[in-house]
2 protein chains.
Amino acid sequence: MTGMTAAHSPASAADRPRLGLRERKKIKTREAIRAATYALVEEQGYDATTIDQIADRAEVSPSTVFRYFPTKEDIVLTDEYDPLLLDELRARPADEPWTESIRYVTHRAVQAGIEEDARVSRLRSRLTAEVPAVRSRMMETMSVTGRMICQAVGERTGRDPDSLEVRVYAMSLIGALMEATMYWAEHGHQDDYAELLDRTLDVLEHGLPAEKP
Amino acid sequence: MTGMTAAHSPASAADRPRLGLRERKKIKTREAIRAATYALVEEQGYDATTIDQIADRAEVSPSTVFRYFPTKEDIVLTDEYDPLLLDELRARPADEPWTESIRYVTHRAVQAGIEEDARVSRLRSRLTAEVPAVRSRMMETMSVTGRMICQAVGERTGRDPDSLEVRVYAMSLIGALMEATMYWAEHGHQDDYAELLDRTLDVLEHGLPAEKP
DNA sequence: CCATCTTTTGACAGTTACTCTCATTTCATG
DNA sequence: CATGAAATGAGAGTAACTGTCAAAAGATGG
């Protein structure tokens with residue numbers, strides 16, 4: 001939802017012994033591919049980095065890279081937290097104002113992402129702002145998140161989650177969050193992301209504020 | 001801005017005699033490529049249509065297709081109306097409420113697009129909804145439109161067009177309009193687009209309405 | 001521990017969008 | 001009509017993907 005999610009699976013220690021060797025290897029391969037990609041992208045830039053180079057450094061074949069990630073952009077972007085966030089959204093008290101629930105959950109998402117790996121968070125947002133292909137893919141995944149928000153709105157308010165109004169609301173939220181991320185990256189990540197988020201949600205709730213002093 | 005714009009240049013009759021043979025040929029080639037693409041896409045679908053096929057039918061070389069359009073998606077999507085709409089937005093009376101100006105201009109855009117070629121309008125919105133690559137490209141071009149809206153907001157209200165607030169506002173508008181287009185296409189273009197547009201802008205202005213009866 | 005079954009992997013060939021270069025053609029101009 | 005400029009076509013090249021198939025590696029029952 002925020003593009004800030006980290007490379008490795010959230011639940012780690014608990015199920016490590018449970019998993020067979022096969023599963024453990026898969027996780028390792030996945031991480032190796034991502035680590036190789038991050039390193040190469042920081043060295044050479046995104047476009048200059050090819051799948052073959054990634055495969056080389058991760059010590060797998062190019063075929064394997066595509067087995068793990070459908071597109072090059074997904075290696076950088078994939079975000080496994082969305083379902084968890086949705087659960088958290090659902091778990092909010094039913095009498096809490098909707099906008100507050102959204103505010104809470106978005107803050108949680110950002111916090112989780114940064115805590116996990118601030119460096120990767122920033123690389124991701126930077127690539128989202130700078131590389132059109134990455135930005136597009138990001139928008140696609142966030143649209144999926146948007147549909148989940150529609151579901152949540154429907155559950156909470158009894159509205160039809162497929163109605164134009166709910167869908168428009170969700171997509172305008174997605175667009176706004178996307179722009180906040182880009183703003184953050186374009187300004188060198190110097191602002192406090194949490195504050196940007198609050199200002200973003202304020203605009204959605206109350207429209208453009210009065211002119212500044 | 002709306003993805004509804006037509007294939008041929010808005011000004012047509014007036015400057016025809018002025019243009020040299022070279023310019024006239026260029027326009028013809030451009031139209032030939034687009035016409036070929038529309039036809040092939042309707043026959044076979046978007047993904048099944050290759051650049052080579054398009055070049056064949058348009059009776060040009062593949063090289064020429066890429067000289068005229070940077071990507072395959074652009075052949076379907078390119079929208080020349082944005083600058084005109086921006087002018088119209090600027091021309092609105094300064095005391096008109098901002099939301100009203102937006103409403104007026106978006107309606108004008110849709111109307112212009114449909115009047116020009118309803119069939120192409122629908123094909124475009126259908127492809128935007130159905131083909132991820134087209135949707136992504138659409139989103140990119142609409143983001144550019146968003147930056148223009150930032151400029152216009154800045155001029156009208158004296159706000160900094162690069163501020164987070166203005167940018168977030170513009171992008172949420174873009175996201176909303178995008179979703180309205182998708183909704184329209186997904187429901188087989190059976191709704192009145194103008195009415196969808198009004199409901200969309202209502203959501204942005206007043207948030208989600210009370211539940212339906 | 002071994003045999004067998006299943007999953008994962010790598011090698012390879014193929015497709016397609018897109019880029020670059022260069023010679024040829026086509027239009028503009030004096 | 002000659003000369004210069006712009007547009008075109010042909011062709012080679014790149015890189016992201018897709019699909020197939022045989023080999024390798026882990027799981028499993030005896």
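Listed by chain and residue number, A:Glu155 satisfy the side chain to side chain donor-acceptor pair (under 3.5 Å) test with A:Arg90 (two or more places apart in sequence, or in another chain). Considering only residues two or more places apart in sequence or on other chains, A:His107 meets the ring-ring contact (aromatic ring centres under 6.0 Å, His included) condition with none of them. With sequence neighbours excluded, no residue forms a side chain to side chain donor-acceptor pair (under 3.5 Å) with B:Arg22. With sequence neighbours left out, the salt bridge (charged side-chain N to carboxylate O under 4.0 Å, His left out) criterion links A:Arg103 to A:Glu100, A:Asp198, A:Asp202, A:Glu205. Qualifying side chain to side chain donor-acceptor pair (under 3.5 Å) partners for A:Gln190, counting only residues two or more places apart in sequence or in other chains: none. Scanning for side chain to side chain donor-acceptor pair (under 3.5 Å) contacts around A:Arg137 gives A:Asp74, with sequence neighbours left out. Applying the ring-ring contact (aromatic ring centres under 6.0 Å, His included) test to B:Tyr68 and every residue at least two apart in sequence or in another chain returns nothing. Not counting sequence neighbours, B:Glu23 has no partner by the salt bridge (charged side-chain N to carboxylate O under 4.0 Å, His left out) test. For B:Tyr46, there are no ring-ring contact (aromatic ring centres under 6.0 Å, His included) partners, not counting sequence neighbours.
For A:Arg167 and B:Tyr183, the positive end is not near the middle of the six-membered ring at less than 6.0 Å and at most 45° from its axis.
The separation between B:Tyr46 atom OH and C:dT16 atom C1' is 12 Å, rounded to whole Å. Distance CD1 (B:Ile54) to P (C:dT16): 12 Å, rounded to an integer number of Å. Straight-line distance from the CD1 atom of B:Ile33 to the P atom of C:dC18: 13 Å, rounded to whole Å. Per the geometry, CD belonging to B:Glu59 stands 14 Å off P belonging to D:dT8, to the nearest Å. At whole-Å resolution of the value, CD in A:Gln53 and C1' in D:dA16 are 13 Å apart. The distance between atom CG of A:Asp47 and atom C1' of C:dT19, rounded to the nearest whole Å, is 13 Å. For B:Glu23 and C:dC27, the CD to P distance is 13 Å, given to the nearest whole Å. Atom NZ in B:Lys28 sits about 17 Å away from atom P in D:dA7, given to the nearest Å.
Listed in residue order, the members of residues 126-134 of chain A having a heavy atom less than 4.0 Å from DNA chain D come to none.
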Detail all sub-3.5 Å separations between protein N/O atoms and N/O atoms belonging to nucleotides 17-25 of chain D.
unit_1: D:dC17; atom_1: OP2; unit_2: A:Lys72; atom_2: N; d: 2.7

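Put simply, A:Ser61 has no side-chain N or O that comes within less than 4.0 Å of OP1 or OP2 on C:dT9. The side chain of B:Tyr68 places no N or O atom within less than 4.0 Å of a non-bridging phosphate oxygen (OP1 or OP2) of D:dA7.
Ionic pairing of A:Arg126 and A:Glu186 is not present here: no N-O contact between side-chain nitrogen and carboxylate oxygen is shorter than 4.0 angstrom.
When distances are taken from the side chain of B:Val60 to each of D:dT8, D:dG9, C:dG10, the shortest belongs to D:dG9.
Here A:Phe69 lies out of heavy-atom contact (under 4.0 Å) with every strand.
Rounded to 10°, the helix from C:dC1-D:dG30 to C:dG30-D:dC1 has 20° between the axis fitted to its first five pairs and the one fitted to its last five.
Within the 3.5 Å criterion, the main-chain N or O of B:Val134 finds no donor-acceptor partner in the side chain of B:Lys72.
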